[in-house]
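Okay, structure first, notes after.
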Amino acid sequence: MQQNNSISEWLESSALDGANQAYIENLYESYLQDPLSVDSSWQEVFNRFPKTNIPEQSHSKVRDYFKRLARDNSPNGVTVIDPNVSARLVKALQFVNAHRNRGHLHADLDPLKMWQRMDAPTLDYRFYGFNDNDLDEVFNIGGYVYNKEQITLRELADALRKTYCSTIGLEFMHVNDLEARTWLQRKVENLLNKPLFNAKEQVQFLQELTAADGLERYLGAKFPGAKRFSLEGSDAFILLMKEIIRHGKRSGIDDVIMGMAHRGRLNMLINVLGKKPAELFDEFAGKKHGNGTGDVKYHQGFSSDFMTEDGLVHLALAFNPSHLEIVSPVVIGSVRARQKRTNDDKSKVLAVTVHGDSAVIGQGVVQETLNMSATRGYSVGGTIRIVINNQIGFTTSNPQDTRSTEYCTDIAKMIEAPVIHVNGDDPEAVAYAARMAVEYRTLFKRDIFIDLVSYRRHGHNEADEPSATQPLMYDRIKKHPTPRKIYADRLVSAGIINEEQATELMNNYRDALDNGECVVPEWRAVDISSKEWTKYLSQEWLEYSGSFDRQRFLGLAQKVCEYPEGHQLQSRVNKIYADRLLMAKGEKLLDWGMAETMAYATLLDEGYHIRLSGEDAGRGTFFHRHSVLHNQKDATLYIPLTKLHNAQGRFEVWDSVLTENAVLAFEYGYATTDPKTLTIWEAQFGDFANCAQVVIDQFISSGEQKWGRMCGLVMLLPHGYEGQGPEHSSARLERYLQLCAQQNMQVCVPSTPAQIYHLLRRQMVRKVRRPLIVITPKSLLRHPLAVSSIDELVDGKYQNVIAEIDNLDPTQVRRVVMCSGKVYYDLLEQRRKNNQTDVAIVRIEQLYPYPHEEMKAALAAYQHVKDYVWCQEEPLNQGAWYCSQHNFITSIPEQGKLRYVGRPASASPAVGYTSLHNEQQTALVNEALA
C-alpha cells in the first residue's frame, strides 16, 4: 500500500475506493481482534483513529469515517459497494492468515515421510470458496504479503506454501508481543528471497555435514558395538551449532555455554569444541585421563575458544549425567554467574540447551526451567533451546505413547516461545533457523526453540537392534540416504562442486582423524593462566581463622540495622530490628538471624559476593532472616545488606519459583562458575530437597570426583523434631552422610548463632570450594539458650566439636552422651532440671569430614567412662547413627561401649500425632540421661 500524505489521498490513488468499504470494515474488524492480523501498513492507518473502551463505538467511528472518505472520493458523491469483490478479498486475506497460524502443520519436516500430521483444511484455498477456475484471479492485497501489490491466487498459494509449508515450519502466532510476532512473520517471509546462502557458505555446510558423518563412520568401524549414542540421522546438528556460534559472534556474543545429553555428544566434542580424536580413542580403549574416578566418555564436558570471522567466542559444554534434562538449569545458572561476573547486560553470554524429543516434553524439570526463564532472579536474557528430534525415545515412537500434544515442543507455548520446526535433511533451512534463533534472542532477550526433525540411524545405543520394535521405521531408514549424501548431490546438481570434490572432503576428514589431532579449524586453546579456579585446586581442608576486627564488626552491625526513616516496618519485624540494634550495641546476645546476617555483612565488607535463594528466602520460612524490608505504606523494598558501603561485594536474595529441582540445579551451575560468590540455596523445609535428589546425587556429591568440577554451594536445610509431622521434621540427614566419601563435601549441624556465623564465613575464607550441607534449626532460631556473644563471633572460629559447657567434675561423670542439633538443648535443660552432674554432653557439629582429633580432645577427660551414648531425635534407621557409628566408635576409649538412644526404626521420618511425638521425645531424653 502506498503511504501518501493523507488517508483520502491514499484512497483516491488506490484500488480500494468506495467499492471496497466492506473490505475495509472486515479488515478493521480483524484489527480490533488482533492488530497483527493485518499488514503493518494497515496497522499504521488504523492506529490513527481515536480509541474507545467500547469496541462497537470505536468500530462505528471508523466505519463512518471510511464511508465519508469513500463518498467524498466517489465521482458522483454516491457510495458504490460491490459486496462480492470485497468478500472474496477478505477470504484471500484469511487464506494468508491461516498459513501464518497453521502452515507448520503442512510443512515438509519429516525426512522419513512417516509423520502422521494433524489435518489443516484452512490451508487449502478451496476452504474459502475458491476453485481451480479462480487461480488466475488477481487480488489487490496492498503489499499485504511479499511486498507485491497485485497477485493471482495461484501465485499467492505457491508463495504461502514455499514460505510456511516448506522445510521450515514456524509456530509463532501464540507470541502475544506484537513487535516480536511482527519480526518473526517478516523473518520467515524472507525465505522467498533466494538464494539465502552463497557458494562459500554452502561448501562450508557440506564440510560440516561431512565431519559429522565421517566421525560416526570412523568410530563405528574402529570400535564396533561400543556405545557412542551416535548422531547419525541428525548430522545437521553440527552445522546448526557452528552457525549459532558464528552468527552469535556477529550479534555480539562472546561466550556460548551449552548443555546436552548423550545423543551426539561425542560428535559435538570433536567437531565443534575441538577435543582431540586421539583422546577420545583412548577413552574408548579404557585409558584414564586426569584425577578422580572419572565418568563415561559421553558425559564429559569441555571448553575451548572458537575463532570466527568476527572474532573469538569462548565455548563451554557442561558435564552431564544420564539424567537427560537436568543439565538445562545447570547451564542457565552458569550463564547467570558469567553475566554477573562481567556486569553483562545479558547480551554477551548465550545459553544453548539441547534436548531429546521424548525428554523435552516428558521431564518436569523442563517446565520448571522454562518457568524460571523470565523471572528476576534466574533470567539470562533468553536461551536457544534445540530439540534433536529423533521421533523416538529409547524404543517408544508412537506419539500417543510419548506425549499428549501434536508436537514435542508444545511445552514452549507456556512461555510464548516461538518454535522453528526444521527438516534435518535440509542444511540450508537448518542454518537459516540458527540465524533466526540468534537474532530473535538478541533482539528480544527471550527463549526460542529449534525443533530439528530427523531420525536415529541406529538403536538407542549401537548394541541395540531397533528393528525389533520399530520395523517399518528402520526399514525406511536403511534405504534413506545420509544428510551428507543428500546435500552433496544437491550441490553437485547445482554446479557448486563436483563429485571428486565431495569425495575429497571425506578423505581429508578421515586423514585428520587418523592423525589424532584437533579437526576443528576454528579451535583455539583456552588460556587458563588467569582463571579464577586455579587457587582452589588444593585437596586439603585448610585451617580457618575466624577473627574479625571488632570495630569494623560493630560498624557493620549498626549498618545492617538501619533503614530509611519513612520506611514503615510491620510490627513484628520492627521488634526484630529493634532487638538487633541492641545486639549491635552489645546490650543483648546475638540470636541466629543476627549472627547469620553478620556473616553476610562481614563477607560483603571483604569483597565477597552473596547469592541466597529459595522459597521465601528473603524473609526466611521461620521468620528469622528479614533481609528484605517491606514498607507497610507503599510496599517498597529496602535491603540493608546492599547499603554497607560503596566498595562492598554484591548481595542478592531471591524468593525462588516454587520448585526445588531446577532451582537447586541452577544454583549448582552458578556456584561451579563463580568461586568468589557464596552461593546458598535454602529449602523451605529440609526434606523439600527430596524433589531435587538427582541434583544432589549426580552433581553436588559426585561432580568433583567424576568431572573435576569444584563447587562451593551451600544448602541450608531446616531440621528438627517439633511435632510438625512426617514432612516437616527431618531434612534426611542420613542421605547426605551416605553420599559422603573421598572428602567430597561437608555435613554440619551448627547449634549456636556463633557457629552459623563462622560456618558461613569459613566456606568463603578458606581456599577450598566443596559443597556444604547445613542442617539448620527451626525452634532454635528463637531458643533462649541458643544465643552468642559478640566475642564468640569476632574472636572465635567454627568448632567441629563442642565439649561439655557446664562446670562438671570429669571424675564424677559416669556417662557421656554424644549428639548433634536441637536435641542437645532438650538434653541440657532436662539435665539441669534433674540437677545431674554425672552425665556429660558433647556436641558433634561436623559429621563429615568426621573430626577425629577434636573428638579425642573433647573426650580426653572421660577415659575412665565405659558408658557412651549416641542420642538422636531421628528414628534408628535414619539420622546419623547408621552412617556415622563407626566414626563414633573410633573416638571412645577401648573399654567403652557405645549404644543408641532415640526413636525406634520407622518407615516414616516422624509421627503425625503431637501427643505421640511428645511421648517419644520425653522417652529418648530420659533414657539418655537415666
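Numbers here simply count residues along the sequence, with the first being 1. When reading the values below, keep in mind they use all heavy atoms of this one structure, side chains included, and skip hydrogens, waters and symmetry mates.
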Using only heavy-atom distances, determine whether the side chains of [X] and [Y] contain a donor-acceptor pair under 3.5 Å.
{"X": "Glu596", "Y": "Tyr600", "answer": "yes"}
{"X": "Asp674", "Y": "His609", "answer": "no"}
{"X": "Gln755", "Y": "Glu845", "answer": "yes"}
{"X": "Gln300", "Y": "Trp707", "answer": "no"}
{"X": "Gln684", "Y": "Asp616", "answer": "yes"}
{"X": "Glu615", "Y": "Thr621", "answer": "no"}
{"X": "Asp826", "Y": "Gln830", "answer": "no"}
{"X": "Glu667", "Y": "Ser613", "answer": "yes"}
{"X": "Glu874", "Y": "His719", "answer": "yes"}
{"X": "Asp809", "Y": "Thr811", "answer": "yes"}
{"X": "Gln746", "Y": "Gln763", "answer": "yes"}
{"X": "Arg903", "Y": "Gln921", "answer": "yes"}

Closer than 3.5 angstrom, by distance alone: can the side chain of [X] be matched with the main-chain N or O of [Y] as a donor-acceptor pair?
{"X": "Ser730", "Y": "Arg732", "value": "yes"}
{"X": "Gln648", "Y": "Leu604", "value": "no"}
{"X": "Lys559", "Y": "Pro640", "value": "no"}
{"X": "Arg650", "Y": "Tyr608", "value": "no"}
{"X": "His758", "Y": "Glu792", "value": "yes"}

Hey, can you tell me if [X] and [Y] have their rings parallel, tilted or perpendicular (30° and 60° cut-offs)?
{"X": "His852", "Y": "Tyr850", "result": "perpendicular"}
{"X": "Tyr862", "Y": "His864", "result": "tilted"}
{"X": "Tyr900", "Y": "Trp881", "result": "tilted"}

*asked:* Would Tyr668 and Cys711 count as a side-chain contact (heavy atoms from CB on, under 4.5 Å) here? Give the steps.
replied: CA-CA 7 Å; Tyr668 171 82; Cys711 170; 3.6 Å; yes
Can you check side-chain contact (heavy atoms from CB on, under 4.5 Å) on Arg625 and Leu612, steps first, answer last? CA-CA 11 Å; Arg625 182 172 294 120; Leu612 169 62; 3.6 Å; yes
Sidechain N-carboxylate O distance under 4.0 Å for [X], [Y]:
{"X": "Asp806", "Y": "Arg832", "value": "yes"}
{"X": "Arg761", "Y": "Glu606", "value": "yes"}
{"X": "Lys897", "Y": "Asp867", "value": "no"}
{"X": "Arg831", "Y": "Glu829", "value": "no"}
{"X": "Arg552", "Y": "Asp605", "value": "yes"}

Does the side chain of [Y] come within less than 4.5 Å of [X]'s, by heavy atoms?
{"X": "Pro726", "Y": "Ser908", "answer": "yes"}
{"X": "Tyr536", "Y": "Val768", "answer": "no"}
{"X": "Ile639", "Y": "Phe651", "answer": "yes"}
{"X": "Met818", "Y": "Leu898", "answer": "yes"}

Heavy-atom count check: over 12 atoms from other residues, nucleotides or ligands less than 6.0 Å from Gln738 CD?
no
I need the minimum non-hydrogen distance between [X] and [Y], along with the two atoms involved.
{"X": "Met745", "Y": "Trp541", "value": "O-CZ2, 4.4 Å"}
{"X": "His626", "Y": "Tyr577", "value": "O-OH, 2.7 Å"}
{"X": "Thr837", "Y": "Leu808", "value": "CA-CD2, 3.9 Å"}
{"X": "Gln698", "Y": "Pro321", "value": "CB-CG, 3.8 Å"}
{"X": "Asn800", "Y": "Pro851", "value": "CB-CB, 3.6 Å"}

When rounded to the nearest 0.5 angstrom, what is the spacing between [atom1] in [X] and [atom2] in [Y]?
{"X": "Glu704", "Y": "Ser701", "atom1": "CD", "atom2": "OG", "value": "11.5 Å"}
{"X": "Lys833", "Y": "Asn835", "atom1": "NZ", "atom2": "CG", "value": "11.0 Å"}
{"X": "Ile790", "Y": "Leu589", "atom1": "CD1", "atom2": "CG", "value": "9.0 Å"}
{"X": "Ser547", "Y": "Leu793", "atom1": "OG", "atom2": "CG", "value": "12.0 Å"}
{"X": "Ile775", "Y": "Tyr736", "atom1": "CD1", "atom2": "OH", "value": "7.0 Å"}
{"X": "Cys691", "Y": "Leu664", "atom1": "SG", "atom2": "CG", "value": "11.0 Å"}

Within 45° cone of [Y] ring axis and under 6.0 Å: [X] NZ or CZ:
{"X": "Arg572", "Y": "Phe623", "result": "yes"}
{"X": "Arg550", "Y": "Phe553", "result": "no"}
{"X": "Arg843", "Y": "Tyr824", "result": "yes"}
{"X": "Arg709", "Y": "Phe319", "result": "no"}

| request: Report the residue from Ile889, Ile844, Val817 that forms a side-chain contact (heavy atoms from CB on, under 4.5 Å) with Trp870. | output: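 It is Ile844, the one option of Ile889, Ile844, Val817 that forms the side-chain contact (heavy atoms from CB on, under 4.5 Å) with Trp870.
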_Given Leu847, Ile773, Asn887, the one that forms side-chain contact (heavy atoms from CB on, under 4.5 Å) with Leu737_ =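 So, applying the side-chain contact (heavy atoms from CB on, under 4.5 Å) to Leu737 and each of Leu847, Ile773, Asn887, only Leu847 qualifies.
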Of Arg762, Lys767, Lys797, the one forming a salt bridge (Lys or Arg N to Asp or Glu O under 4.0 Å) with Glu543 is Lys797
Discussion item. Could you walk me through whether Asp838 and Arg814 satisfy the salt bridge (charged side-chain N to carboxylate O under 4.0 Å, His left out) test, starting with their C-alpha distance in whole Å, then the side-chain angles of each, then the deciding distance to 0.1 Å, before giving a yes or no?
Written reply: CA-CA 5 Å; Asp838 58 350; Arg814 61 174 180 81; 2.5 Å; yes
* **side-chain contact (heavy atoms from CB on, under 4.5 Å) evaluation trace for Thr597 with Ser627** => CA-CA 8 Å; Thr597 299; Ser627 56; over 6 Å; no
Side chain to side chain donor-acceptor pair (under 3.5 Å) test vs Lys778 passes for just one of His728, His783, Glu722, namely Glu722
Open item on the list: Under the criterion side-chain contact (heavy atoms from CB on, under 4.5 Å), I'd like the reasoning laid out for Val714 against Thr679: C-alpha separation, chi angles, the key distance, then a yes or no.
Closed with: CA-CA 6 Å; Val714 178; Thr679 307; over 6 Å; no
| message | Does Glu854 form a salt bridge (charged side-chain N to carboxylate O under 4.0 Å, His left out) with Lys856? I'd like the steps, not just the answer. | response | CA-CA 5 Å; Glu854 292 97 322; Lys856 287 181 180 179; over 6 Å; no
